[in-house]
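Notes follow once the structure below has been shown.
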Amino acid sequence: MTWLVVLGALLCTLRVGFGTLDSQGFLTPGPHNCPYKCVCAADLLSCAGLGLQDVPAALPAAAADLDLSHNALQRLRPGWLAPLSRLRALRLGHNMLDALGRGAFTNASGLRLLDLSSNALRALGRHDLDGLGSLEMLLLFNNRLAHLDEHAFHGLGALSRLYLGCNELASFSFNHLHGLGATQLRTLDLSSNRLGRIPVPDLAALPAFLKNGLYLHNNPLPCDCRLYHLLQRWHQRGLSAVSDFAHEYMCLAFRVPTSRVRFFEHSGIFENCSAALAQGLEQPEEQLHVQVGRSLRLHCNTSAPAVRIAWVSPQHELLVAPGSRNGSIAVLSDGSLAIGNVQPWHEGVFVCLATGPRLHHNQTHEYNVSVHFPHPEPEAFNTGFTTLLGCAVGLVLVLLYLFAPPCPGCRRCYHRTCCCCRHWPQAPSPLQELSAQSSVLSTTPPDAPSRKASVHKHVVFLEPGRRGLNGRVQLAVAEDFDLYNPMGLRFKAGSESTSSTGSEGRVMT
């Protein structure tokens with residue numbers, strides 16, 4: 001049994017089918033209708049990298065994804081996709097196709113992805129892409145395209161991403177996008193071409209969501225003042241197509257290839273450009289601020305009556321009547337947009353697209369909606385109450401100043417009243433008492449120069465009666481008292497009470 005499993009794995013690896021070879025060298029389909037050397041897995045069919053010069057004659061009808069890339073295909077037969085009614089993706093990149101021809105995709109109405117990149121296509125005719133009404137992504141980069149028919153993309157109403165980079169296009173019609181409607185288009189890659197003439201007013205008239213996906217870098221753009229101010233404004237607004245590739249935006253200063261300068265790095269050549277030239281190119285978006293939970297209604301203001309009005313949400317959803325998929329946004333019969341309960345995900349740019357016989361097909365009106373949560377309202381400021389409170393505080397301070405003055409002996413209480421200081425007034429020092437009484441008995445005037453006492457000066461102190469002492473300390477100084485050694489003083493306290501009479505002692509300070 002083991003060798004059977006190994007053999008089955010080997011056959012799958014070698015991509016060997018069952019059947020007989022036809023006149024073109026292809027194997028006649030076996031029971032599972034899988035071409036020779038191709039890989040079939042469910043609804044996937046891959047014939048990539050086999051060196052095929054023509055498409056296999058028979059393809060399985062169940063294929064939804066067909067890969068024929070990296071071969072040597074040179075042409076596509078008309079109607080060759082007729083059996084593949086379920087086809088959704090077709091990859092034809094890296095072949096040798098130089099033309100498509102009418103009817104190449106007439107039976108591919110359900111196709112969503114078409115990859116024609118890295119071929120040798122030189123032009124696209126009016127009917128080369130007929131039958132691709134459901135196509136959403138078209139890859140045409142890295143070809144040799146130098147000409148596009150005026151209606152080359154007519155009928156691709158569902159196309160959202162178009163890649164035309166790395167070609168030889170010298171011009172592009174931004175006026176009508178070569179028949180392509182701007183309603184669904186989100187990405188338009190025109191980078192690395194030969195675009196030297198760009199109509200700035202048509203470029204400015206594109207809707208905001210397409211400007212964000214319009215890639216024009218690495219082109220020999222003219223050093224035009226209006227184009228510079230337009231791209232500079234896109235760069236300041238943060239449009240990804242400009243900000244992500246700002247280093248690769250160049251222009252020709254003297255219309256020769258060697259005079260290329262970078263738009264956003266060598267802006268000195270635009271110093272003389274007046275900003276007034278860029279005014280009026282773009283219609284400014286209308287700024288709206290709304291709180292969460294409120295209602296909002298937007299009107300599509302156009303210069304003439306519109307036949308059809310559609311909206312594009314900030315999430316790039318196309319909004320037509322009756323409204324969005326989740327039901328939070330409604331499109332009314334008059335074309336206005338209504339949101340009954342605004343939520344944070346409604347924030348962003350809403351674009352109105354209006355069409356009509358008297359309107360430009362991509363005339364737009366933009367609203368930039370900012371959603372914020374309601375702020376709590378502050379309490380009302382009562383001026384009467386604050387005035388009354390201020391008067392009461394002032395009155396209290398005045399009463400404290402008048403009836404509770406600070407006591408002179410309270411010197412250790414800072415920023416407090418004396419009621420909190422529980423320190424008794426200090427007794428005068430011996431030197432202060434001595435100086436006070438000696439000045440009374442001294443015969444020398446206070447201003448005399450002999451005011452300074454000698455060391456052994458004899459001073460007589462009169463002792464007042466005990467009746468007038470009332471507990472004060474009485475000094476008794478000897479005749480040989482040394483002023484420079486006041487520690488030898490004897491203090492005697494006198495009082496009317498018998499317990500204090502005759503008490504004396506030495507006090508150390």
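Model, not experiment: these values are computed from the prediction. For the numbers below, each heavy atom of this structure counts, side chains included, while hydrogens, waters and symmetry mates do not. Throughout, numbering of the chain's residues begins at 1 and tracks the sequence.
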Is any side-chain heavy atom of [X] closer than 4.5 Å to a side-chain heavy atom of [Y]?
{"X": "Leu203", "Y": "Arg226", "result": "no"}
{"X": "Trp234", "Y": "Asn212", "result": "no"}
{"X": "Phe172", "Y": "Leu188", "result": "yes"}
{"X": "Ile198", "Y": "Asn219", "result": "no"}
{"X": "Pro60", "Y": "Pro35", "result": "yes"}
{"X": "Tyr36", "Y": "Leu50", "result": "no"}
{"X": "Thr106", "Y": "Pro78", "result": "no"}
{"X": "Phe174", "Y": "Leu206", "result": "yes"}

Problem - Ser192-Asn218 side chain donor-acceptor pair, cut-off 3.5 Å - result: yes
Problem - Side-chain H-bond candidate by donor/acceptor type, Asn142 with Ser117, under 3.5 Å - result: no
Handout entry: Option among Leu156, Asp202, Leu185 that satisfies the side-chain contact (heavy atoms from CB on, under 4.5 Å) test with Leu177
Key = Leu185
Atom [atom1] in [X], atom [atom2] in [Y]: separation rounded to 0.5 Å?
{"X": "Arg194", "Y": "Glu168", "atom1": "CZ", "atom2": "CD", "value": "4.5 Å"}
{"X": "Asn167", "Y": "Arg122", "atom1": "CG", "atom2": "CZ", "value": "11.5 Å"}
{"X": "Leu162", "Y": "Thr187", "atom1": "CG", "atom2": "OG1", "value": "9.5 Å"}
{"X": "Leu113", "Y": "Leu66", "atom1": "CG", "atom2": "CG", "value": "11.5 Å"}
{"X": "Asn143", "Y": "Leu97", "atom1": "CG", "atom2": "CG", "value": "8.5 Å"}
{"X": "Leu124", "Y": "Leu116", "atom1": "CG", "atom2": "CG", "value": "8.5 Å"}

Exercise for the section: Using the disulfide bond (SG atoms under 2.5 Å apart) rule, collect all pairs that involve residues 152-223, keeping only residues at least two apart or in two chains. Expected result: Cys223-Cys251
Handout entry: Residue pairs fulfilling disulfide bond (SG atoms under 2.5 Å apart) with at least one residue in residues 48-85, sequence neighbours excluded
Key = none
Problem - Backbone N/O of Gln184 and side chain of Arg186: donor-acceptor pair under 3.5 Å - result: yes
Handout entry: Main-chain N/O of Leu159 paired with Arg161 side-chain donor or acceptor, under 3.5 Å
Key = no
Practice task
State, to 0.1 Å, how close Arg75 and Arg77 come at their nearest heavy-atom pair, and which atoms those are.
Solution key: NH1-CG, 3.5 Å
Problem - Non-hydrogen atoms of Ala241 and Lys211 that approach each other most closely - result: CB-O, 4.1 Å
Problem - His94, NE2: over 12 other non-hydrogen atoms inside 6.0 angstrom - result: yes
Exercise for the section: Considering only NZ, NE, NH1 and NH2 on the basic side and carboxylate oxygens on the acidic side, decide whether Asp65 and Arg91 come within less than 4.0 Å. Expected result: yes
Show every donor-acceptor pair shorter than 3.5 Å between a side-chain atom in residues 337-354 and any protein atom, with sequence neighbours excluded, or say none if there are none.
unit_1: Asn341; atom_1: OD1; unit_2: Gln343; atom_2: NE2; d: 3.2
unit_1: His346; atom_1: ND1; unit_2: Gln343; atom_2: N; d: 3.0
unit_1: His346; atom_1: NE2; unit_2: Ser328; atom_2: OG; d: 3.2
unit_1: Glu347; atom_1: OE2; unit_2: Val371; atom_2: N; d: 2.9

